[in-house]
Amino acid sequence: MSLRLAVLASGRGSNLRTILEHISSGRLRAEVCLALSNNPEAGALAHATEFGVPCWAKSHTEFANRAEFDAAMLAEIKKAGAEAVVLAGYMRLISPEFLQAFPGRVLNIHPALLPSFPGLHGGRDAVDYGVRISGCTVHFVEEDMDRGPIIIQAAVPLLAHEEESDLMGRIHALEHRIYPQAIQWLAEGRLRSEGRAVHLLPPAADKTVRTVEEKGCLISPPMEDF
Ligand code: GRF
């Protein structure tokens with residue numbers, strides 16, 4: 001059985017595309033049953049359509065407030081039968097009512113090493129601050145922005161004379177590796193939260209997994225050859 005996902009995206013949608021590619025190639029045992037956006041112009045919608053995924057897109061400005069917009073999304077997500085929600089460059093806060101409908105089943109990816117540099121421009125803020133190591137984080141979503149329990153992080157050093165855009169490109173490429181992995185762990189039922197800690201449970205008894213060696217970055221927990 002594959003995990004049914006609703007994916008929310010506001011922008012270009014490269015993470016959504018990567019998830020769809022992992023599903024098509026059979027690596028990720030999930031299914032995107034609906035792609036949603038608050039931006040009808042989002043590139044993410046074209047990726048979803050290319051892969052035959054139904055889309056729902058409406059500008060949040062058409063709604064009286066966040067609660068009403070989120071309630072409209074939630075109704076569509078429930079109708080589509082999603083079991084978990086993946087935020088892939090969704091640039092808005094999620095209302096408490098929405099989160100209550102999917103407890104421990106909403107994931108987000110952030111382009112910095114949380115809890116440092118939360119917020120909409122976390123990746124750029126880290127570079128502007130002058131960090132020597134940055135990276136990306138997949139975490140469960142809670143009401144406080146970018147504060148939910150951390151599932152997996154990837155760290156990379158800033159290279160000598162590296163431009164911000166090059167570093168952000170390397171971080172983006174890492175996002176495309178760790179997000180499908182985190183979703184696969186969720187699909188396998190291997191993520192167990194205990195307070196702020198997220199434990200990765202061993203694979204099913206009939207399954208052997210090999211961890212993958214990394215070059216030029218540090219990923220924890222280690223990626224598996226899934
Ligand atoms: C990524 O950098 C992600 O970390 C952040 O939004 C960006 C989305 O990129 N939350 P894309 O639209 O998936 O290319």
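Order of appearance sets the numbers: ligands from 1, and atoms from 1 within every ligand.
Protein heavy atom at the shortest distance from atom 10 (N) of ligand 1 is I109 O, 2.8 Å. For atom 7 (C) of ligand 1, the nearest non-hydrogen atom of the protein is G89 CA, 4.1 Å.
With respect to the salt-bridge test (charged N to carboxylate O, under 4.0 angstrom), the residues R4 and E31 qualify. We find that E21 and R27 are not joined by a salt bridge, their nearest charged nitrogen and carboxylate oxygen being 4.0 Å or further apart. A salt bridge links E224 and R190; the closest N-O separation between the charged side-chain nitrogens and carboxylate oxygens is under 4.0 Å.
Using a 4.0 angstrom heavy-atom cutoff, G13 counts as in contact with ligand 1.
Atom CD of E41 sits in a sparse spot, with 12 or fewer heavy atoms from other residues, nucleotides or ligands closer than 6.0 Å. For CD of E62, the number of neighbouring non-hydrogen atoms (other residues, nucleotides, ligands) closer than 6.0 Å is greater than 12.
Near H110, meaning under 4.0 Å from one of its heavy atoms, ligand 1 places the atoms 4 (O). Atoms of ligand 1 lying under 4.0 Å from at least one heavy atom of H172, given by number and element, are 1 (C), 2 (O), 9 (O), 11 (P), 14 (O). Applying the 4.0 Å criterion to heavy atoms of S14 picks out, from ligand 1, the atoms 11 (P), 12 (O), 13 (O), 14 (O).
At least one donor-acceptor pair under 3.5 Å links the side chain of Q184 to the backbone N or O of R29.
The shortest N/O to N/O separation between R12 and ligand 1 falls below 3.5 Å.
With distances taken over non-hydrogen atoms, the option nearest atom 4 (O) of ligand 1 out of H47, H176, E175 is E175.
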